[in-house]
*Asks:* 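Below is a structure I'd like to ask you about.
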Amino acid sequence: MAAKFLQSIPVPHHKNTQGFFPVRLTDVKSVTIPMSMHIGAPAKPVVKPGDHVKIGQLIGEPGGFVSAPVHASISGTVKKVEPMLLSNGGSCMAVTIESDGLNEFDENLKPPVLTDMDSFIQAVRDSGAVGLGGAGFPTSVKLKVDPDKVDYILINGAECEPYITSDSHTMIDNPDRMYAGLGALKRFYPKAHIIIGIENNKKKAIEVMRKYTDDVDNCDVVELPSSYPQGGEKVLIYNTTGRMVPEGKLPFDVGCIVLNATTLSFLGKYLLTGRPLTTKCVTIDGSAVKEPKNVIAYIGTSVRDVVELAGGLKCEPGKVLYGGPMMGLAMPDMDQPVLKNTNALLFFDEKDAKVPEPSACIHCGRCVDACPLKLMPTELEQACLARDVDRLKKLKINLCMECGSCAFVCPAKRNLVESHKLAKIIVREADTK
Ligand code: SF4
Ligand code: SF4
């Protein structure tokens, strides 16, 4: 554990759905499943309109090494295989399946047989696992490293974003799956010290994880402060191991692998059942929602259907977010589907959706004090406006994890994160030239 935690800020927790068992949404007429729900090459569709599919059947094969397969989340008939627009402005192929109402699983699914490291990595790849906390990086790629060089495996159960409780529910409701996942990690990375990091406002999750890991060697449950952004990858690594990931490097470069708690739970479930990733626990909350709750939704269910099945909206939302209010992505319409890495859908009324007008910087320095990585957000903004690539590099723009802490504390409501995202693009384009 680090002698001192990195800088963090108090944010309102709004964990309204803590303590309520998730509701399973089964009455879905159709799903539209994008082939790109991960970082890397999109999957390639392997079905065509008219095909009948069952839950867990492969519908998209990996499009490269950094990629992941995609599976049918409901049983029924493939209606369309065509491009769709995504919330991030990109597009990819998507498979639309109309339900036959039977919710039948593919009868060929069976637990994988793990004989060695290669079979483990292949099983992780076949499962369709990607970073389920939001990042969407293919898990098999993350785990395909020399086990002798892995000092720590960090299980990220911090869940520091306001509103979201789906990870803590996964830990509380399915500890047996976490346990199965931990067993595989112990088997294939025997030297690694496993640390499960959980914010100290999630007492029940801490209690359950401690109970279930009591007999697991070299495995600790670490309580983190309940302040943002404890779940940021670099922050979690430093706060639990004292190691800092340098600019341009990966966690593995400092001997660490970081897995989200829900990713580990899903891996455990896959190893026990052979059923690939087809559902997701999602927190439904925000000022426009009638009844905040956690739901288990089929991947590909439209956001509109999810919120209707979950109790509906009080009013027309002014903004809908994939993920939390600090790092979440606004979606253009409610036809967008639940993705593998969707951990929350937040619906805000017009009042809460209003973005304040930025005013001139008053050089108060609060943004600098708030940054966990000791960057200078206001200087970065100036360098971005001036398109000064050398200065952006000197200010280490690529260390910025876009956590939004600087913007949250800024009294002038400067659009700091947007400018940091733009600055990264400016630097990348300059380097490409
Ligand atoms: S968004 Fe970037 S600059 Fe702002 S606090 Fe987070 S890491 Fe620091
Ligand atoms: S917090 Fe806002 S007003 Fe204060 S220095 Fe940073 S950008 Fe300027």
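Computation of the quantities below employed the complete heavy-atom set of this structure, encompassing side-chain atoms and omitting hydrogens, waters and symmetry-equivalent molecules. First listed ligand is number 1; within each ligand, the first listed atom is number 1.
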*Asks:* Compare Cys371, Cys403, Ser405, Cys406 and give the one whose heavy atom is closest to atom 6 (Fe) of ligand 1.
*Replies:*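 Nearest option to atom 6 (Fe) of ligand 1, by heavy atoms: Cys403.
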*Asks:* Would you say the side chains of Ser73 and Thr278 form a donor-acceptor pair under 3.5 Å?
*Replies:*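 Result is no, nothing qualifies.
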*Asks:* Thr32 and Ala94: which non-hydrogen atoms are nearest, and at how many Å?
*Replies:*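 Between these two residues, the closest heavy atoms are CG2-CB, 3.9 Å.
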*Asks:* Quick one: does Pro377 get within less than 4.0 Å of ligand 2, heavy atoms only?
*Replies:*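 No, Pro377 has no heavy atom closer than 4.0 Å to ligand 2.
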*Asks:* Return the closest protein heavy atom for atom 4 (Fe) of ligand 2 as residue, atom name and distance.
*Replies:*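 Answer, as residue, atom name and distance: Cys364 SG, 2.3 Å.
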*Asks:* Would Cys361 count as a contact for atom 8 (Fe) of ligand 2, in the sense that one of its N, O or S atoms lies under 2.8 Å from it?
*Replies:*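 Under 2.8 Å: Cys361 contacts atom 8 (Fe) of ligand 2 through an N, O or S atom.
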*Asks:* Indicate yes or no for a side-chain donor-acceptor contact from Asp214 to the backbone of Lys211 under 3.5 Å, with no hydrogens or angles considered.
*Replies:*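 Not a single qualifying donor-acceptor pair exists.
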*Asks:* Please report which non-hydrogen protein atom sits nearest to atom 2 (Fe) of ligand 1, along with the residue it belongs to and the distance in Å to one decimal place.
*Replies:*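 Going atom by atom, the protein heavy atom closest to atom 2 (Fe) of ligand 1 ends up being Cys400 SG, 2.4 Å.
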*Asks:* Report, in ascending order of atom number, the atoms of ligand 2 lying under 4.0 Å from any heavy atom of Arg414.
*Replies:*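 Those atoms are 7 (S).
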*Asks:* Which protein non-hydrogen atom lies closest to atom 7 (S) of ligand 1, naming both residue and atom, and how far is it?
*Replies:*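 It is Met401 N, 3.6 Å.
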*Asks:* Determine whether Asp151 and Lys191 satisfy the following criterion, salt bridge (Lys or Arg N to Asp or Glu O under 4.0 Å), listing intermediate values before the conclusion.
*Replies:* CA-CA 7 Å; Asp151 301 325; Lys191 294 181 182 167; over 6 Å; no
*Asks:* Which atoms of ligand 1 are found less than 4.0 Å from any heavy atom of Gly404?
*Replies:*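 With Gly404 as reference, the close atoms of ligand 1 come out as 1 (S), 6 (Fe).
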*Asks:* In terms of atom number and element, which parts of ligand 2 are under 4.0 angstrom from non-hydrogen atoms of Cys410?
*Replies:*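 Heavy-atom distances to Cys410 below 4.0 Å select 1 (S), 2 (Fe), 3 (S), 7 (S).
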*Asks:* Taking the side chain as every heavy atom from C-beta outward, state whether Leu375 and Leu395 have any atom pair closer than 4.5 Å.
*Replies:*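 Answer no - side chains too far apart.
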*Asks:* Show the nearest heavy-atom pair for residues Glu199 and Pro225, with the distance to one decimal.
*Replies:*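 So the two residues come closest at CG-O, 3.4 Å.
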*Asks:* Judged by modelled atom types alone, do Asn343 and Asp167 share a side-chain donor-acceptor pair under 3.5 Å?
*Replies:*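 Short answer, no.
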*Asks:* For atom 3 (S) of ligand 2, what is the closest protein heavy atom, and at what distance to 0.1 Å?
*Replies:*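 Heavy-atom neighbour on the protein nearest atom 3 (S) of ligand 2: Ile362 N, 3.4 Å.
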*Asks:* What part of Glu402 sits under 4.0 Å from ligand 1 if we count only heavy atoms: the side chain, the backbone, both or neither?
*Replies:*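 Under 4.0 Å from ligand 1, Glu402 contributes backbone atoms alone.
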*Asks:* Tell me whether atom 8 (Fe) of ligand 1 has Cys367 as a neighbour, meaning an N, O or S atom of it below 2.8 Å.
*Replies:*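 No - counting backbone and side chain alike, Cys367 has no N, O or S atom under 2.8 Å.
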*Asks:* Between Glu381 and ligand 2, which part of the residue brings a heavy atom under 4.0 Å of the ligand: side chain, backbone, both or neither?
*Replies:*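 Near ligand 2, Glu381 shows nothing, with every heavy atom at 4.0 Å or more.
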*Asks:* Check whether the ring centres of Tyr163 and Phe348 lie less than 6.0 Å apart, and answer yes or no.
*Replies:*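 Ring centroids of Tyr163 and Phe348 are less than 6.0 Å from each other.
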*Asks:* For the side-chain contact (heavy atoms from CB on, under 4.5 Å) test, which of Pro175, Ser168, Cys219 pairs with Met209?
*Replies:*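 The passing option is Pro175.
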